[in-house]
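Encoded as structure tokens, the structure appears first; notes follow it.
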Number of protein chains: 2
Amino acid sequence: MGSSVDNSYMYKKVISIGTVCELTGLSERQIRYYEERELIFPKRSEKGNRKYSFSDVETLMDIANKMEDGLQTSELRREIKNKEVDKSSVNERMIRGQLNAHFRRRD
Amino acid sequence: MGSSVDNSYMYKKVISIGTVCELTGLSERQIRYYEERELIFPKRSEKGNRKYSFSDVETLMDIANKMEDGLQTSELRREIKNKEVDKSSVNERMIRGQLNAHFRRRD
DNA sequence: CGTGTAAGGAATTCTGACACG
DNA sequence: CGTGTAAGGAATTCTGACACG
């Protein structure tokens, strides 16, 4: 396994919201709102505190840019869905590739 | 530039002590004590909260193992100093290597 | 020496809501 | 729609200290 995306630390949800504010320049209100609109998906700690990954921070900076460009959260939501579609077609290709590699000798 | 160590997110100090506890299994007391003994060096946020990097977390797990083996913090402190010496000799070599590369054509 | 703990205070985060537009 | 804010509470983190060993 191991595609171009791995990096381990990039996806670990360990950053609390205050630090994310410093990193992104966004307010807590904004960050929570983007979650409500399903643009980001922080983990929750035992007692309910939001934890973000570096990847989430990057996503938030993208969101901040798009919002500045006048886009609405609903439009950003669509973009995300499309990326998910992209991903699954990539996955399909990967699986097809593996199958090909696996059965090649039998042809 | 750019040695084998880069990884960007690995060294960013963004994790608060509670999360570090979860990640390492150590108590806050232990983590603060290892700082007092100069084995780790968290950053401080505006209002004085400690922030750790993933690299710090790894260091702490090493420390935890060594402590279990019965080592003292003073001994671990020495190990760290030695690593710093290693690093500067590596740096020396890198610089020497670059100088060599730079002046090779003149020889 | 290394770590637990109670103490008191300050800062963090959470939720639900009202406000403006 | 997106975001600010005051409200009240719960959880987090901080420091300095006493304790045991």
Side-chain angles (χ1 to χ4, degrees), chain A residues 12-81, chain B residues 12-81:
Chain A
K12 241 168 184 240
K13 309 237 175 192
V14 296
I15 313 176
S16 40
I17 195 164
T19 305
V20 175
C21 291
E22 289 173 14
L23 257 30
T24 61
L26 296 168
S27 68
E28 294 189 12
R29 185 71 170 90
Q30 288 174 307
I31 296 171
R32 293 202 193 98
Y33 181 66
Y34 299 150
E35 175 183 358
E36 188 184 322
R37 301 314 313 274
E38 299 181 278
L39 303 180
I40 37 167
F41 308 92
K43 226 185 61 181
R44 293 292 184 125
S45 72
E46 305 272 296
K47 289 122 175 193
N49 285 19
R50 274 168 265 249
K51 295 296 173 188
Y52 302 85
S53 66
F54 281 112
S55 175
D56 291 330
V57 170
E58 287 188 7
T59 302
L60 281 167
M61 300 183 89
D62 281 2
I63 293 172
N65 287 144
K66 303 276 177 59
M67 292 301 288
E68 273 187 12
D69 294 350
L71 296 188
Q72 297 195 318
T73 56
S74 56
E75 309 181 274
L76 298 184
R77 183 78 197 91
R78 267 181 234 122
E79 282 189 34
I80 290 172
K81 275 192 186 161
Chain B
K12 244 172 178 232
K13 308 236 175 193
V14 297
I15 313 176
S16 39
I17 196 163
T19 306
V20 174
C21 290
E22 289 175 13
L23 257 28
T24 62
L26 295 169
S27 68
E28 294 189 13
R29 185 68 170 92
Q30 289 175 304
I31 295 172
R32 294 203 192 98
Y33 181 65
Y34 300 150
E35 175 183 1
E36 188 185 320
R37 301 313 312 276
E38 301 181 276
L39 303 180
I40 38 167
F41 307 92
K43 225 184 59 181
R44 293 290 183 128
S45 73
E46 306 270 297
K47 289 123 174 189
N49 285 20
R50 274 168 266 248
K51 295 297 175 190
Y52 302 84
S53 66
F54 281 112
S55 174
D56 291 330
V57 170
E58 287 189 5
T59 303
L60 281 167
M61 299 183 91
D62 281 1
I63 292 173
N65 286 144
K66 303 277 176 62
M67 292 300 287
E68 272 187 12
D69 293 349
L71 295 188
Q72 297 195 315
T73 57
S74 56
E75 309 180 274
L76 299 184
R77 183 79 199 86
R78 268 181 234 121
E79 282 188 35
I80 290 173
K81 276 192 185 160

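Proteins get letters first, then strands, A, B, ... in listed order; numbering begins at 1 in each. Bear in mind that the values here come from a model prediction, so they are computed numbers and not experimental data.
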Q: Examine dT12(C): is either OP1 or OP2 under 4.0 Å from a nitrogen or oxygen in the side chain of K47(B)? Give yes or no.
A: yes
(Q) Within the 4.5 Å heavy-atom criterion, are E75(A) and K66(A) side-chain neighbours or not? (A) no
Q. Rounded to the Å, how far apart are R50(B) CZ and dT12(C) P?
A. 14 Å
Q) Any side-chain N or O of Y34(B) less than 4.0 Å from the OP1 or OP2 oxygen of dG2(C)? A) no
Q | Distance test, side-chain N/O of R32(B) to OP1/OP2 of dC14(D), below 4.0 Å | A | yes
Q | Non-hydrogen side-chain atoms of E38(A) and T73(A) separated by less than 4.5 Å | A | no
(Q) Regarding T73(B), tell me which of base, sugar-phosphate or nothing describes its non-hydrogen contacts under 4.0 Å with the strands shown. (A) sugar-phosphate
Q | Name of the residue among E35(B), Q30(B), E28(B) meeting side-chain hydrogen bond (donor to acceptor under 3.5 Å, both in side chains) with R32(B) | A | E28(B)
Q. Stems in DNA chain D: runs of 3 or more consecutive Watson-Crick or G-U pairs, distances under 3.5 Å?
A. C:2-5 with D:17-20, C:17-20 with D:2-5
Q: Nearest 0.5 Å please: distance from the OH atom of Y52(B) over to the OG1 atom of T19(B).
A: 11.0 Å
Q) Can you name the closest pair of heavy atoms from I80(B) and L39(B) and give their distance? A) CD1-O, 3.5 Å
Q | Length of the CG-P vector between L60(B) and dT3(C), whole Å | A | 11 Å
Q: Specify the separation, in whole Å, of atom CG of L26(A) and atom P of dT3(D).
A: 8 Å
Q. If only side-chain N and O atoms of S16(B) are considered, is one of them under 4.0 Å from the OP1 or OP2 phosphate oxygen of dT13(D)?
A. yes
Q: Taking all non-hydrogen atoms of both residues into account, name the closest pair between I15(B) and S53(B) and its distance.
A: CD1-C, 4.1 Å
Q: Take the protein atom CD1 of I63(A) and the nucleotide atom P of dT3(D), then report the distance between them rounded to whole Å.
A: 10 Å
Q: May I have the distance from Q72(B) (atom CD) to dT3(C) (atom P), rounded to whole angstrom?
A: 11 Å
Q. On DNA chain C, nearest-nucleotide positions of E28(B) versus K51(B): which is more 5'?
A. E28(B)
Q. Relative to the 5' end of DNA chain D, which residue comes earlier, Q30(A) or T19(B), by the nucleotide with the nearest heavy atom?
A. Q30(A)
Q.
Using whole Å, what does the distance between atom C1' of nucleotide dG16(D) and atom CZ of R29(B) come to?
A. 10 Å
Q) Does S27(B) make a side-chain N or O approach to OP1 or OP2 of dG4(C) shorter than 4.0 Å? A) yes
Q. What are the two closest non-hydrogen atoms of C21(A) and S27(A), and how far apart are they?
A. SG-C, 3.9 Å
Q: Check whether any side-chain nitrogen or oxygen of Y33(B) sits under 4.0 Å from OP1 or OP2 of dG2(C), and answer yes or no.
A: yes
Q | Value in whole Å for how far the P atom of dG2(D) lies from CZ of R77(A) | A | 14 Å
Q) Rounded to whole angstroms, how far apart are CD1 on I31(A) and P on dT12(C)? A) 14 Å
